[in-house]
Amino acid sequence: MTRFAPSPTGFLHIGGARTALFNWLFARRNGGRFVLRIEDTDRERSTPEATEAIFEGMRWLGLEWDGDAISQFSRVDRHAEVAHELLARGAAYKCFATKEEIDAFREKAKAEGRPPLFLSPWRDADPSTHPDAPYVVRLRAPRDGETVVEDAVQGRVAWKNETLDDLILLRSDGTPVYMLAVVVDDHDMGVTHVIRGDDHRTNAARQSLIYHAMAWPTPVFAHIPLIHGPDGAKLSKRHGALGVEAYRDMGYLPEAMRNYLARLGWSHGDDEFFTTDQAVAWFGLDSVGKSPARFDFAKLENLNGQHMRAASDTDLLTQIDALLAAQQKPAIPPLAREKMLAAMPGLKERAKTLNELIDSAYYLLAERPLQPDEKAAKLLTTEARALLGRLTTHLQNASEWSVSGLEEIVRAFAEAEGLKLGKVAQPMRAALTARAVSPGVFDVLEVLGREESLARLVEAADG
RNA sequence: GCUCCGUUCGUCUAGCGGUCAGGACGCUGCCCUCUCAAGGCGGAAACACGGGUUCGAGUCCCGUACGGAGCGCCA
């Protein structure tokens, strides 16, 4: 069993999404469960909006979790119970040191060049000397020896116990801290594999101390390398640390997103482009790399283009519908849908994102009079318009309105005019699509239909 | 500062003692071609540095440099 345990203090960012993906892949690969736990014990920063944003992001990415999402906050009583059990068996103790005392201790230690680990004077104090004052519960961590974490990704990592402090379990108001809550929840929920960002690596040492104190079996830890921005620095909002919904809005496919994210830090030989089913079949912790990866939009775009080409026309249309709905933009009218479906093979081959695809379908949605863009306008010179006028006559007589028949007519026309096909096709494209770039003109003619095509050509010729 | 970790083309990566160091994105030359894509065939491009170990190191060990993460009564 794996879990994804985000704190609901913002959207589901790209690093979290990949962590979730790896957990999901691992669970699916091994026939295990994948649960979602919201780490909302910080009441100040946690918001229901952020929780909902995480659900949304997970759903969009297609990372379905098993069972209901669990609120960590709802389990505070259980966390406190474990802390008291630890206290009862002497594995933890009450510390009456005030924040001021601790701060002073740390400052002094720093000034003297010693590690700023707080050594509580209450660790071995006689309970009869305990004052009637607020206290925190600290773990009585071993001072000798070392703590070893066998990390499934990082390998064997060891810390000297003298470098680990007596971490706080319960705050002075009696509420549990994250470090305790995570261990108790992971244990109680039966999590066998803790796959999370490498920024948690040192937490694994502290947490395994708690596991040992409770005599609980430790889960397998796997700390996956972090994702950096294009400049190698920590991923920030200027880079790719956007919420996953931002990627949705940019027109990326969830399938492509999963593919790209999976390849960031994990590999399967030379495979670059693969389906989610393949990723599930191939995924393994031993193929996860150790070093951080940079987020690269260019590669994401390429992969997205490949997935768009591989997608079925109807599926793409469905995804466009969903995107427009999510962006609260007007839906595609029924008639245009049919045309869009007919034009889809030519459209999807040229687009890297759904947004590009929608944009390139302008000519299907637009109504006369068309508004040629700059490049299209340049193609519609006086001579070109005259040419289109002559061509239109031939086209009007076309016996059947099909790609092959139309191509025959236009080619014959170009030859008669002593022109290369391109000299005719480009003005046609400008007239029919108002753009200088589009799918093949004969495909455009067929999809647009006889009436509309001729009307546009006439409009351009007369323009 | 202390602790831990990392370092193969610009980027993502393969490699698990003997390879012409492979693939992908991007860049680029040619072909195809009604535009743009897509596609086909090429090209430039990497083992951070220094010591060991070994007949032989990208692969093992040590050090250096650089990079990262952590060091809260945050998660």
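Ring geometry for Y211(A) versus F221(A): interplanar angle over 60°, hence perpendicular rather than tilted (30 to 60°).
Taking the P atom of each, A24(B) and A48(B) are spaced 22 Å apart, rounded to whole Å. For the P atoms, the distance from G10(B) to U35(B) is 35 Å, rounded to whole Å. The gap from the C1' atom of C47(B) to that of U19(B) amounts to 13 Å, rounded to the nearest Å. Of the P atoms belonging to C25(B) and A38(B), the separation is 10 Å, rounded to the nearest Å. The same atom, C1', is picked in G15(B) and in C66(B); the two are 24 Å apart, to the nearest Å. Using C1' as the reference atom, G63(B) and A44(B) are 35 Å apart when rounded to the nearest Å. Nucleotides G50(B) and A14(B) place their C1' atoms 27 Å apart, quoted to the nearest Å. Annotation: A69(B) and G51(B) have their P atoms spaced 32 Å apart (nearest Å).
Distance from the side chain of L226(A) is smallest for A69(B) among the nucleotides C25(B), A75(B), A69(B). Residue I168(A) places its side chain closer to C73(B) than to any other of C73(B), U3(B), A14(B).
For the pair R18(A) and F22(A), the cation-pi criterion (under 6.0 Å, within 45° of the ring axis) is fulfilled.
In this structure, R258(A) contributes its side chain and L61(A) its backbone to a donor-acceptor pair below 3.5 Å. Under a 3.5 Å cut-off, the side chain of E39(A) and the backbone N or O of P6(A) do not form any donor-acceptor pair.
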| remark: Nucleotide by nucleotide, nucleotides 7-12 of chain B touches protein heavy atoms under 4.0 Å in the pattern (B base, S sugar-phosphate only, - none) S---SB
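Between the side chains of E255(A) and T276(A), at least one donor-acceptor pair of N or O atoms lies under 3.5 Å.
Here F283(A) and H268(A) keep their ring centres 6.0 angstrom or further from each other. The aromatic ring centroids of F295(A) and H228(A) lie 6.0 Å or more from each other. A centroid separation of 6.0 Å or more is found between the aromatic rings of Y135(A) and W122(A).
As a whole-Å value, the separation of D199(A) CG from G68(B) P is 14 Å. When rounded to the nearest whole Å, the span between CZ of R206(A) and C1' of C71(B) equals 6 Å. E107(A) places its CD atom 16 Å from the C1' atom of C71(B), with the value rounded to the nearest Å. When the C1' atom of G6(B) is taken as reference, atom CZ of R201(A) falls 8 Å away, rounded to whole Å. Atom CG of L117(A) is separated from atom P of G1(B) by 17 Å (rounded to the nearest Å). In this structure, E100(A) places its CD atom 12 Å from P of C73(B), rounding to the nearest Å. Atom-to-atom, NE2 of H223(A) to P of C4(B) comes out at 16 Å; the value is rounded to the nearest Å. The distance from atom CG of D271(A) to atom P of G22(B) is 18 Å, rounded to the nearest whole Å.
G70(B): Watson-Crick or G-U partner is C2(B), with both key distances under 3.5 Å. With a cut-off of 3.5 Å on both Watson-Crick or G-U wobble distances, the partner of U54(B) is given as none. If you check U33(B) for Watson-Crick or wobble pairing at under 3.5 angstrom, you find it has no partner at all. Searching all strands for a Watson-Crick or G-U wobble partner of G63(B) with both distances below 3.5 Å returns C49(B). Searching all strands for a Watson-Crick or G-U wobble partner of A24(B) with both distances below 3.5 Å returns U11(B).
Counting heavy atoms of neighbouring residues, nucleotides and ligands inside a 6.0 Å radius, atom NE2 of H394(A) does not exceed 12 of them. The local environment of CD in E101(A) is crowded, with over 12 non-hydrogen atoms from other residues, nucleotides or ligands closer than 6.0 Å.
Nucleic acid contact class of S172(A) (heavy atoms, under 4.0 Å, all strands): base. Across all strands, A158(A) comes closer than 4.0 Å only to sugar-phosphate atoms, never to a base (heavy-atom distances). L170(A) comes within 4.0 angstrom of no nucleic acid atom, judged by non-hydrogen atoms across all strands. Using a 4.0 Å heavy-atom distance criterion, T41(A) is classed as a sugar-phosphate-only contact. Within the nucleic acid shown, A97(A) comes within 4.0 Å of at least one base atom, counting heavy atoms only. Residue-level contact check: N203(A) touches the bases, meaning some heavy atom is under 4.0 Å from a base atom. Nucleic acid contact class of R196(A) (heavy atoms, under 4.0 Å, all strands): none. Here K99(A) lies in heavy-atom contact (under 4.0 Å) with a base.
Within the 4.5 Å cutoff, no side-chain heavy atoms of F73(A) are placed close to those of S46(A).
Atom CE of M257(A) is separated from atom CE of M250(A) by 7.0 Å, given to the nearest 0.5 angstrom.
Both V157(A) and P225(A) lie close to RNA chain B; mapped to their nearest nucleotides by heavy-atom distance, the more 5′-ward contact belongs to V157(A). Each of Q72(A) and L300(A) has a nearest nucleotide on RNA chain B; the 5'-most of these lies closest to L300(A).
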Pairwise N/O distances under 3.5 Å, protein to nucleotides 32-37 of chain B:
residue : atom : partner : partner atom : Å
C34(B)  : OP1  : R411(A) : NH2          : 3.1
C34(B)  : O2   : R429(A) : NH2          : 2.4
C34(B)  : N3   : V441(A) : N            : 3.4
U35(B)  : O4'  : Q426(A) : OE1          : 3.0
U35(B)  : O2'  : A436(A) : O            : 3.3
U35(B)  : N1   : R429(A) : NH2          : 3.2
U35(B)  : O2   : S438(A) : N            : 3.0
U35(B)  : O2   : S438(A) : O            : 3.2
U35(B)  : N3   : R429(A) : NH1          : 3.2
U35(B)  : N3   : S438(A) : O            : 2.6
U35(B)  : O4   : R350(A) : NH2          : 3.2
U35(B)  : O4   : G440(A) : N            : 3.3
C36(B)  : O2   : R350(A) : NE           : 2.6
C36(B)  : N3   : R350(A) : NE           : 3.1
C36(B)  : N3   : R350(A) : NH2          : 3.1
A37(B)  : O2'  : E349(A) : O            : 2.8

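Remark: the D270(A) side chain and the G22(B) base include a donor-acceptor N/O pair separated by less than 3.5 Å.
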